[in-house]
Structure formats: C-alpha cells, structure tokens
Amino acid sequence: CKSDLIITIYNEDGTLTTYGISIKQCSNKSPTNAQLFFTTARAFSALLTNNGIPVSGAAVRALRQFCGDDGFRPCDNPSVMMKRESDPRRYFWEETDKSGRKEWEKIFSEKQDEVTRLLLQKAYLDDPFVPDFILHKTKKSESWNTTELAIYSIEELISLSRKYSGFTVKSYRVSKGSYCDPVGVEHQAPRFGIVQMQRGGQAQHPTQLQFNLQSGYFYKI
C-alpha cells in the first residue's frame with residue numbers, strides 16, 4: 001500500500017500529472033499470497049476510526065484476542081486454560097468476543113470498499129504518494145523476455161474485489177507446529193473480497209495483524 005514507483009507525465013499543455021504505482025512480485029512457479037499491510041489490532045482500529053469508520057471497545061478487544069496481545073490470550077485466563085486444547089497464545093476468530101466479532105463482520109460487510117481502499121492506499125499516513133495503480137508480477141518468469149503482469153487501477157481493483165466476494169470465513173485446521181488441533185477441531189479465517197486477514201505469528205512480531213491479497217486473485221477476478 002505504498003508507491004514503489006512514481007511516474008510523471010508531461011502533458012501537451014505544459015502541466016504535469018504524477019501517478020504512484022504499488023509493485024508486487026512473485027518469484028515462485030505458481031502465485032503466492034502478497035502481503036498488503038502489517039499492523040497491530042489497536043493501530044488498525046485507530047486507522048478505521050480516524051477515517052470515519054467507528055470501532056467500539058468491544059471490537060478492539062475481539063481483535064486483540066485474535067492477535068494474541070498480552071493480557072488478551074487464553075493463557076492469561078486460568079479458567080480458560082483448564083479446558084483448552086488449541087493454541088494457548090491466541091484466540092481464533094470464532095472464539096473472540098461475540099459482540100466485537102459481529103461488529104467486525106458488519107464493518108467488513110457494509111464498509112468493504114472503504115476498508116479495502118484504506119488497505120490499498122492510505123494505511124501509511126506518511127506516504128507522500130498514494131498509489132493509483134497496482135502492478136503485480138504474477139509468478140516466476142519462464143524466460144528472460146517473458147513476464148506475466150497484472151495491472152489494475154486502485155478503483156478497479158476495489159470494485160472487482162467486492163464483485164468477487166463479500167465478507168466470508170474459510171475453515172482450516174492447524175496441522176503443524178507445537179499446537180496441532182485435536183481431531184475434529186476447525187477454525188475460521190476471515191476474508192473480504194480478495195483480502196485475507198490473519199495473525200502474523202512470525203517469531204519477531206507474533207501478535208501483528210497481517211493483511212494479504214489472495215494468491216492468484218488476478219485469475220479469480
């Protein structure tokens with residue numbers, strides 16, 4: 001959601017027009033997820049609030065549970081830990097505060113275009129050039145002179161994303177790592193349009209909130 005490339009066009013009437021372009025690239029043989037924005041539960045909530053989309057305390061709490069912020073984890077509550085079999089470091093989407101979770105689902109459903117635009121253009125407040133276009137190298141080039149690119153204006157991508165899908169959840173299981181899910185346990189991964197939302201989980205920033213563009217979204221839309 002930053003402009004990696006700036007193009008200035010010199011018009012015939014002597015005026016200048018400048019465009020910002022966000023560059024994404026994939027070097028694998030098949031498309032992978034493209035990271036869009038990396039933030040925290042509180043910072044994302046503040047981003048929406050500061051742009052006219054109110055977020056309540058219950059919604060902030062639910063998102064902090066989803067990210068596993070200190071004080072909002074299952075391991076911070078002894079009564080929860082007594083019967084917990086899944087990851088104690090965070091709550092999964094379906095386990096978060098119900099009223100807060102429903103508020104997020106309403107926001108992502110009713111304000112999908114606005115939230116998608118913030119993620120694509122305005123997530124970094126200090127960016128002097130808001131991107132107008134996305135140029136995405138879809139996969140590893142087959143030869144030195146063959147490169148497949150997907151190019152969209154931001155407005156076009158927002159519209160296509162909404163037409164592709166509204167808010168939904170996808171079922172998944174944790175089958176690897178230290179906290180594998182017991183048999184029969186599934187979780188919900190929230191997404192809206194071509195945007196996926198997840199807990200970062202990286203060693204350096206485990207509680208960060210991560211937004212990705214779905215792998216191969218340019219074929220799906």
Side-chain angles (χ1 to χ4, degrees), residues 1-28 30-53 55 63 67 107-108 111-141 144-165 167 190-200 202 204-205 207-221:
C1 47
K2 283 190 174 184
S3 291
D4 304 291
L5 181 66
I6 307 298
I7 292 181
T8 298
I9 296 177
Y10 292 77
N11 302 307
E12 291 182 353
D13 61 3
T15 60
L16 304 179
T17 306
T18 300
Y19 297 100
I21 301 177
S22 177
I23 306 294
K24 306 291 182 187
Q25 64 174 326
C26 177
S27 298
N28 291 4
S30 57
T32 56
N33 289 344
Q35 184 171 300
L36 189 59
F37 187 46
F38 208 49
T39 184
T40 66
R42 286 185 291 181
F44 179 66
S45 301
L47 175 68
L48 267 60
T49 299
N50 293 338
N51 283 275
I53 303 176
V55 177
L63 203 56
C67 291
I107 289 173
F108 293 142
K111 301 290 185 179
Q112 181 175 339
D113 283 10
E114 291 91 333
V115 175
T116 305
R117 182 174 289 104
L118 287 174
L119 292 172
L120 288 170
Q121 286 189 316
K122 301 180 180 180
Y124 294 103
L125 302 179
D126 60 344
D127 189 0
F129 292 101
V130 173
D132 303 289
F133 295 89
I134 280 186
L135 188 154
H136 197 148
K137 178 184 176 185
T138 63
K139 56 188 175 182
K140 183 178 180 179
S141 301
W144 68 270
N145 64 347
T146 304
T147 299
E148 183 179 80
L149 299 173
I151 304 174
Y152 299 96
S153 72
I154 297 297
E155 293 303 321
E156 179 186 20
L157 191 58
I158 291 170
S159 176
L160 291 172
S161 178
R162 175 173 27 84
K163 290 179 181 177
Y164 173 65
S165 174
F167 174 82
R191 54 182 62 193
F192 47 96
I194 61 173
V195 178
Q196 300 173 330
M197 185 177 79
Q198 65 187 60
R199 177 184 187 261
Q202 295 88 343
Q204 313 95 302
H205 306 288
T207 64
Q208 292 284 84
L209 185 64
Q210 182 172 322
F211 293 90
N212 297 321
L213 297 175
Q214 284 186 35
S215 60
Y217 71 88
F218 25 77
Y219 300 139
K220 300 173 183 177
I221 62 177

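Residues Pro131 and Ile154 come closest through the heavy atom pair O-CG1, 3.4 Å. Minimum heavy-atom separation, Gly193 to Gln214: O-NE2, 3.2 Å. Leu47 and Ala123 make their closest contact through CD2-CA, 4.1 Å (heavy atoms, listed as atom of the first residue, atom of the second, distance). Contact record, Gly216 with Pro31: N-CB, 3.6 Å, taken as the closest heavy-atom pair. Annotation for Val130 and Ser3: closest pair C-OG, 3.5 Å, computed over non-hydrogen atoms. Across every non-hydrogen atom of Phe167 and Gln112, the tightest pair is N-OE1, 4.1 Å.
When the options Arg199, Gln202, His205, Gln196 are evaluated for a side-chain hydrogen bond (donor to acceptor under 3.5 Å, both in side chains) with Gln210, the one that passes is Gln202.
With a 4.5 Å cut-off on side-chain heavy atoms, Ile134 and Ser22 count as touching. The closest side-chain heavy-atom distance from Ile107 to Ile53 is below 4.5 Å. Taking the side chain as every heavy atom from C-beta outward, Phe133 and Ile7 never approach each other to under 4.5 Å. Looking at Asn51 and Glu114, their side chains never come closer than 4.5 Å, going by heavy atoms from C-beta outward. At a threshold of 4.5 Å between non-hydrogen side-chain atoms, the residues Leu157 and Thr116 do not count as touching. You'll find the side chain of Ile21 stays beyond 4.5 Å of the side chain of Asp4, heavy atoms only. Looking at heavy atoms from C-beta onward, Lys24 lies out of side-chain contact with Gln35 at the 4.5 angstrom threshold. Looking at heavy atoms from C-beta onward, Gln25 lies out of side-chain contact with Thr147 at the 4.5 angstrom threshold.
Listed by chain and residue number, nothing satisfies the side chain to side chain donor-acceptor pair (under 3.5 Å) test with Asn28 (two or more places apart in sequence, or in another chain). A search for side chain to side chain donor-acceptor pair (under 3.5 Å) contacts involving Glu156 returns nothing, not counting sequence neighbours. Residues satisfying the side chain to side chain contact (heavy atoms under 4.5 Å, CB included) criterion with Ser215, sequence neighbours excluded, are Asn33.
Taking NE2 of His136 as the reference point, atom CD1 of Ile151 lies at 12.0 Å (rounded to 0.5 Å). Taken to the nearest 0.5 Å, the CG atom of Leu209 stands 5.5 Å off from the CE atom of Met197. Considering CG of Leu36 and CD1 of Ile194, their distance stands at 8.5 Å, rounded to 0.5 Å. A distance of 13.5 Å separates CG of Leu160 from CZ of Phe218, quoted to the nearest 0.5 Å. Expressed to the nearest 0.5 Å, how far CG of Asp132 lies from CD of Gln121 amounts to 6.5 Å. Here the OG atom belonging to Ser159 is positioned 7.0 Å from the CG atom belonging to Asp113, to the nearest 0.5 angstrom.
Atom NZ of Lys220 has more than 12 heavy atoms from other residues, nucleotides or ligands within 6.0 Å. Other residues, nucleotides and ligands contribute only 12 or fewer heavy atoms inside 6.0 Å of the NZ atom of Lys111. Other residues, nucleotides and ligands contribute only 12 or fewer heavy atoms inside 6.0 Å of the OH atom of Tyr10.
The ring of Tyr217 has its center no closer than 6.0 angstrom to the ring center of Tyr164.
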- Message: Would Leu149 and Leu135 count as a side chain to side chain contact (heavy atoms under 4.5 Å, CB included) here? Give the steps.
- Response: CA-CA 7 Å; Leu149 299 173; Leu135 188 154; 3.8 Å; yes
- Query: side chain to side chain donor-acceptor pair (under 3.5 Å) between Ser141 and Thr146: does it pass, once the steps are laid out?
  - Reply: CA-CA 6 Å; Ser141 301; Thr146 304; over 6 Å; no
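Between the side chain of Thr49 and the main chain of Ser45, a donor-acceptor pair closer than 3.5 Å is present. In this structure, the side chain of Asp13 engages the main chain of Thr15 through a donor-acceptor pair within 3.5 Å.
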